[in-house]
Amino acid sequence: MNLKLAIAGGKPVRQNYLPYAQQWIDEDDIKQVVTTLKGDYLTTGPSIEQFEERIAKYVGAKYAVAFANGTAALHGAVFAAGIKQGDEVITTPITFVASANAVIYQGGTPVFADIDPKTYNINVNDIKKQITEKTKAIIPVDFTGQPTEINEIIEIAKQHNLVIIEDAAHALGATYQGKKIGSISDMTMFSFHPVKHITTGEGGIITTNNQTYYEKLIQFRSHGITRDHSKLQEDQGPWYYEMQYLGYNYRMTDIQAALGISQFNKLDRWIKRRQQIVNRYNETFQKMEQITTPYQLKETESSWHLYIIRLHLEQLTVDRKIIFEALQKENIGVNVHYIPVYYHPYYQGIGYKKGICPNAEKLYEEIITLPLFPKMTEKDVEDVIQAVKKVIYYYTK
Ligand SMILES: *Cc1c(COP(=O)(O)O)cnc(C)c1O
């Protein structure tokens, strides 16, 4: 325990711990799930189809394919894009490990492009620098809910014949030039993990306008099996099905989809609530010269999965770790998004070197994620603000 902290701390701003993110389950959700449990289908039934339709319609895409989780969905997209051994896929290091892992699952090689120091999203010029003859796809990540500069990424993809798989785990409901994320890239992934905008416990989905990708995703989700008799290589009878390539059991249950439908009904209201909280944070934190608040591209409207402050360490007497621990002592559930993917021992072990993305590495030293979720009360929000002010001013030079 750090002695200085005890002095900085005194009486904590709040008595009980406020998490950085939390789901919101109400009686409607519980009713929907129970109704499904009493019905005929526990897996791949009518709720899956309905959930897929609702999400597809919402984002303006032709198709949606639900998966057991967002990572499985990304794996499906990497498969559908045809990524295989020797292929390179460009992504950002400031993301959850799943964005890069999904490439490795299919034998491909993730290549990390550095971030834009303003938006923290993948830097378009750095994507260009990383392109080789082996590059087959780009996985941009709409970090914190703010879309990437997707039009420019599409230009690069066209020039080099690359597939774009957008990791929009943070960005359900976000827009780029007024258009919802989910219908712009070749394939877009959303996650329904409990910290995300809406939850199915575990869950994910791919949206796409491309029928070929859609059919591949459906088949991949269920062992690579098809029962569509028009697609069989031979037809031995009504019972016959074929496993045509190696897929997985990545299906979402109908129970989860029922929860997803019920959660979906609240999505727009919850995004508005997130925006309100962000406005309140910005109002205070934009006046503090020790902090950089999130930057918004004028083309985008974030759906605000995360609110991240960046510390100006040169104005503080301590590093991020001490600020982080001091906020924890105030019972504020802070977090760090993310450790650069290639810092992890697995990635170091397969040959990635530190130093390859200096902007990402610098960002990592300076960021703290503050609590942000729709169920937060006004008091919760004010507690976060009080705690940040208390800790930051205490450690200001
Ligand atoms: C949550 C998340 C995922 C994966 O989602 P799961 O549903 O947890 O598998 C992928 N990428 C990013 C950026 C995420 O935040």
Side-chain angles (χ1 to χ4, degrees), residues 19-23 51-52 55 64-79 89-106 110 112-113 115 119-122 137-148 150 164-174 181-182 185 187-207 217 220-221 248-253 256-257 259-260 263-264 274 294 302-308 335-344 347 360 363-364 367 369 372-373:
Y20 90 91
Q22 196 175 50
Q23 73 276 10
F51 184 51
E52 289 174 340
I55 296 290
V65 182
F67 279 84
N69 55 70
T71 307
L74 272 179
H75 185 185
V78 169
F79 168 81
V89 178
I90 298 171
T91 191
T92 168
I94 298 296
T95 184
F96 185 55
V97 291
S99 317
N101 289 355
V103 175
I104 298 180
Y105 295 160
Q106 284 304 107
F112 296 101
I115 57 157
T119 63
Y120 312 157
N121 272 331
I122 196 164
I138 307 171
I139 303 183
V141 178
D142 303 316
F143 180 55
T144 73
Q146 169 162 233
T148 57
I150 195 69
I164 303 176
I165 302 167
E166 188 169 350
D167 180 338
H170 297 187
L172 184 60
I181 292 302
S185 296
M187 289 176 270
T188 304
M189 184 278 284
F190 300 101
S191 164
F192 308 113
H193 180 279
V195 300
K196 306 289 162 65
H197 288 85
I198 59 172
T199 189
T200 57
E202 295 279 359
I205 208 163
I206 299 289
T207 57
L217 291 164
F220 186 77
R221 174 175 76 174
Y248 294 77
N249 180 353
Y250 275 166
R251 296 185 300 266
M252 179 188 270
T253 67
Q256 291 168 296
L259 177 57
Q263 289 265 301
F264 175 78
R274 285 175 180 272
S302 178
S303 56
W304 292 108
H305 167 54
L306 300 174
Y307 188 90
I308 291 177
N335 210 316
V336 172
H337 295 93
Y338 287 96
I339 304 157
V341 172
Y342 59 79
Y343 274 21
H344 288 287
Y347 280 88
L363 180 75
Y364 168 61
I367 44 175
T369 305
L372 177 59
F373 53 96

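Order of listing sets the numbers, starting from 1, for every ligand and every atom in it. Values below: every heavy atom of this structure, side chains too, minus hydrogens, waters and symmetry copies.
In this structure the side chain of V336 reaches within 4.5 angstrom of the side chain of Y364, judged on heavy atoms.
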_Between V341 and F112, does the side chain to side chain contact (heavy atoms under 4.5 Å, CB included) criterion hold? Intermediate values first, please._
CA-CA 9 Å; V341 172; F112 296 101; 3.7 Å; yes
*Would F192 and M252 count as a side chain to side chain contact (heavy atoms under 4.5 Å, CB included) if you check the C-alpha gap in whole Å, the side-chain angles of each, and the deciding distance to 0.1 Å?*
CA-CA 11 Å; F192 308 113; M252 179 188 270; 4.2 Å; yes
Check ligand 1 for N or O atoms under 3.5 Å from a protein N or O and list each pair with its distance.
residue  : atom   : partner : partner atom : Å
ligand 1 : 5 (O)  : S191    : OG           : 3.3
ligand 1 : 7 (O)  : G70     : N            : 2.8
ligand 1 : 7 (O)  : S191    : OG           : 2.8
ligand 1 : 9 (O)  : G70     : N            : 3.3
ligand 1 : 9 (O)  : T71     : N            : 2.8
ligand 1 : 9 (O)  : T71     : OG1          : 2.5
ligand 1 : 11 (N) : D167    : OD1          : 3.4
ligand 1 : 11 (N) : D167    : OD2          : 2.7
ligand 1 : 15 (O) : H170    : NE2          : 2.8
ligand 1 : 15 (O) : K196    : NZ           : 3.0
ligand 1 : 15 (O) : Y338    : OH           : 3.2

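For the pairing with F79, the ring-ring contact (aromatic ring centres under 6.0 Å, His included) check across F220, Y250, Y248 returns one residue only, F220.
Minimum interatomic distance between L306 and L372 (heavy atoms only, all atoms of both residues): C-CD2, 3.9 Å.
For F96, the side chain to side chain contact (heavy atoms under 4.5 Å, CB included) partners two or more places apart in sequence, or in a different chain, are A98, Y338.
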